[in-house]
K.L.:
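Take this structure, written in structure tokens, and hold onto it; I'll ask about it next.
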Amino acid sequence: MFSGFASFKKKKKRLEKQVQQIDGTLSTIEMQREALECANTNTAVLRTMKNGTGALQEPQFLTSLPDKPTGQEN
């Protein structure tokens, strides 16, 4: 009877250790997912900025700008 209890305690301790390892792995994966989401957002922002800069440098954009902004009179 005592040996059955001892093996149960060992199994319980082993399973608790596995749960802690899995919890640590899950936390790591969640942090990596958040980092990937931030990287994806940063990539989208940089791509948008690059496209905007390219559009501002195109000659047809520069010639289509009004001399004075609308709503301002001097």
Side-chain angles (χ1 to χ4, degrees):
M1 184 190 269
F2 182 72
S3 67
F5 181 73
S7 70
F8 171 76
K9 292 282 282 183
K10 284 182 181 180
K11 183 176 181 178
K12 181 182 177 200
K13 190 171 186 172
R14 181 176 45 85
L15 292 174
E16 287 173 343
K17 185 177 178 181
Q18 286 178 346
V19 167
Q20 288 177 344
Q21 289 173 338
I22 291 169
D23 188 45
T25 301
L26 181 60
S27 295
T28 300
I29 290 171
E30 287 174 349
M31 287 188 298
Q32 290 173 342
R33 181 186 56 86
E34 290 174 7
L36 287 171
E37 287 176 354
C38 288
N40 191 29
T41 300
N42 289 342
T43 300
V45 167
L46 289 173
R47 188 175 293 126
T48 302
M49 290 173 67
K50 181 181 176 186
N51 291 340
T53 301
L56 289 173
Q57 293 174 351
E58 292 179 11
Q60 65 268 18
F61 176 79
L62 295 175
T63 58
S64 66
L65 291 174
D67 292 332
K68 293 183 183 177
T70 57
Q72 289 185 354
E73 295 182 23
N74 284 335

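When reading the values below, keep in mind they use all heavy atoms of this one structure, side chains included, and skip hydrogens, waters and symmetry mates.
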K.L.:
So, using salt bridge (charged side-chain N to carboxylate O under 4.0 Å, His left out) as the criterion, who are the partners of Glu16 when residues are at least two apart?
P.N.:
Lys12

K.L.:
When rounded to the nearest 0.5 angstrom, what distance separates NZ in Lys13 from CG in Leu15?
P.N.:
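If I round to the nearest 0.5 Å, the distance is 13.0 Å.
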
K.L.:
Can you sort out the partners of Glu37 under salt bridge (charged side-chain N to carboxylate O under 4.0 Å, His left out), two or more places apart, ordered by chain and number?
P.N.:
Arg33

K.L.:
For Arg47, give me all partners under side chain to side chain donor-acceptor pair (under 3.5 Å), at least two apart in sequence or on another chain.
P.N.:
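Per chain and number, Arg47 pairs via side chain to side chain donor-acceptor pair (under 3.5 Å) with no residue.
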
K.L.:
If I take atom CE from residue Met31 and atom CG from residue Leu26, how far apart are they, to the nearest 0.5 angstrom?
P.N.:
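Here the rounded value is 10.0 Å.
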
K.L.:
Going by the rule salt bridge (charged side-chain N to carboxylate O under 4.0 Å, His left out), which residues pair with Lys11 if we only count those two or more places apart in sequence or in a different chain?
P.N.:
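Lys11: no salt bridge (charged side-chain N to carboxylate O under 4.0 Å, His left out) contacts found.
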
K.L.:
Working to the nearest 0.5 angstrom, can you tell me the gap between Ile29 CD1 and Ile22 CD1?
P.N.:
10.5 Å

